[in-house]
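Counting begins at 1 with the first residue of the sequence. In each ligand, atom 1 is the first atom listed, and ligand 1 is the first ligand listed.
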Amino acid sequence: MSLRYVTTNEGKIREALSYLDDDVTQLDYDYAEPQADELEPIAAAGAREAYRVAGEPVIVDDAGLFIEGLDGFPGPYSAYVEETLGVDRVAQIARDGDATRASFRCVLAYCDGDGFEATPEPVDRGERRGQDLEASERDRAVTDDTVAEGETPVKLFVGSVPGQIVEPRGAGGFGYDPVFEHQGETFAEMDAEAKNAISHRGRALARFADWYADR
Ligand code: ITT
């Protein structure tokens with residue numbers, strides 16, 4: 001069965017397609033994004049809407065840059081802030097405020113209309129998973145809970161990567177890549193393969209691909 005990767009963002013789809021099989025194709029559709037403090041509810045709602053529209057299995061990808069010293073800004077608002085302030089000004093604010101520690105997070109949400117052991121409604125996942133887990137354990141924990149009642153089931157896969165906000169470097173990638181450095185290189189200095197090997201999206205895609213292979 002074919003799988004639609006639902007996004008308006010060419011950069012995301014380039015990375016995802018280099019990772020997943022050929023039977024994954026882009027559906028360029030702009031689903032509604034509810035306002036929320038976290039990516040999970042946005043991705044889950046997006047996957048349900050995208051599935052209603054596509055009528056075949058879908059995956060959506062909600063991602064954001066979380067600057068620690070700025071209380072996680074711009075986080076779920078990363079796309080809006082990129083369009084308004086712009087990447088360079090966000091990076092400048094972080095550097096001026098000596099708040100350069102950051103992470104990228106990506107939440108992939110899968111929906112095919114069928115029942116399966118879905119991720120629970122993301123609203124209360126903080127209570128279920130325990131707040132004191134390491135980020136990597138938290139990313140795993142969110143994927144192995146039980147079914148959400150009443151709603152079309154959605155399965156979530158989370159990936160995150162730590163880094164530093166720096167002056168823009170590099171011509172590759174997209175979005176905040178030029179100002180996000182991981183182990184000495186910005187994401188814009190890496191090719192798609194190198195970025196996928198360590199990135200938030202690559203990690204979420206790896207978890208998704210493992211699970212999807214058995215489905
Ligand atoms: P879709 O919702 O249509 O998928 P979008 O670009 O609006 O596309 P998001 O709502 O997930 O995607 O917004 C994510 C924001 O974070 C947006 O500004 C992206 O440019 C940026 N972003 C996401 N992943 C990124 C990555 O791997 N590298 C750099 N910036 C990224």
Side-chain angles (χ1 to χ4, degrees), residues 3-20 24-51 53-54 58-67 70 72-91 94 102-111 122 156-166 168-182 185-206 208:
L3 175 64
R4 308 305 302 273
Y5 204 107
V6 184
T7 180
T8 60
N9 185 322
E10 299 265 319
K12 287 183 182 179
I13 199 75
R14 255 196 320 274
E15 290 172 12
L17 294 189
S18 78
Y19 202 101
L20 298 168
V24 181
T25 52
Q26 180 183 8
L27 175 60
D28 186 347
Y29 171 75
D30 198 10
Y31 52 84
E33 296 194 6
Q35 197 162 347
D37 290 343
E38 299 202 46
L39 302 174
E40 282 83 351
I42 302 173
R48 290 192 179 102
E49 182 186 329
Y51 172 70
V53 170
V58 295
I59 188 156
V60 308
D61 164 338
D62 203 48
L65 175 69
F66 294 76
I67 301 173
L70 302 180
F73 178 85
Y77 309 105
S78 294
Y80 174 75
V81 170
E82 182 184 341
E83 280 163 30
T84 51
L85 274 183
V87 168
D88 292 358
R89 281 182 69 197
V90 174
S103 60
F104 261 128
R105 294 188 78 234
C106 175
V107 177
L108 295 183
Y110 172 84
C111 183
L156 302 181
F157 303 87
V158 186
S160 61
V161 60
Q164 298 285 336
I165 303 300
V166 295
R169 292 195 327 258
F174 66 97
Y176 296 88
D177 281 345
V179 300
F180 187 82
E181 185 188 73
H182 178 77
E185 270 188 308
T186 69
F187 274 4
E189 292 175 315
M190 302 176 188
D191 61 24
E193 200 185 337
K195 181 181 166 188
N196 265 340
I198 45 104
S199 77
H200 51 314
R201 180 163 300 101
R203 287 172 179 171
L205 283 167
F208 168 71

Between [X] and [Y], is there a donor-acceptor pair closer than 3.5 Å when you use the side chain of the first and the backbone of the second?
X: D61; Y: C106; result: no
X: Y5; Y: L20; result: no
X: T8; Y: D30; result: no
X: R4; Y: Q26; result: yes

List the closest protein heavy-atom neighbour of [atom]: residue, atom name, distance to the nearest 0.1 Å.
atom: atom 23 (C) of ligand 1; result: A63 CB, 3.5 Å
atom: atom 13 (O) of ligand 1; result: A79 CB, 3.4 Å
atom: atom 21 (C) of ligand 1; result: Y176 CD1, 3.8 Å
atom: atom 28 (N) of ligand 1; result: D177 OD1, 2.6 Å
atom: atom 24 (N) of ligand 1; result: R201 NH2, 2.9 Å
atom: atom 6 (O) of ligand 1; result: N9 ND2, 2.9 Å

Aromatic plane relationship, F104 with F187 - under 30° parallel, 30 to 60° tilted, over 60° perpendicular: parallel
What are the atoms of ligand 1, with element, lying closer than 4.0 Å to any heavy atom of [X]?
X: T7; result: 1 (P), 3 (O), 4 (O), 8 (O)
X: S78; result: 15 (C), 16 (O), 18 (O)
X: D62; result: 9 (P), 10 (O), 11 (O)
X: E82; result: 17 (C), 18 (O), 19 (C), 20 (O)

Out of [options], whose heavy atom is nearest to [atom]?
atom: atom 31 (C) of ligand 1; options: Y31, F174, F180; answer: F174
atom: atom 26 (C) of ligand 1; options: K195, E15, K12; answer: K195
atom: atom 2 (O) of ligand 1; options: E33, Q26, R105, H200; answer: E33

Just so I know, are the side chains of [X] and [Y] near enough to count as touching, which here means a heavy-atom distance under 4.5 Å?
X: V24; Y: Y19; result: no
X: I67; Y: I165; result: yes
X: P34; Y: I42; result: yes

Over 12 foreign heavy atoms within 6.0 Å of CG, D37: no
Proximity of D61 to ligand 1 by residue part, where a heavy atom lies under 4.0 Å: backbone
Contact between ligand 1 and [X] is defined here as a heavy atom of the residue under 4.0 Å from a ligand atom; is it met?
X: F104; value: yes
X: F187; value: no
X: E83; value: no

All side-chain contact (heavy atoms from CB on, under 4.5 Å) counterparts of Y29, not counting sequence neighbours: V6, L27, Y31, E49, V53
Salt bridge flag under 4.0 Å for residues R105 and E40: yes
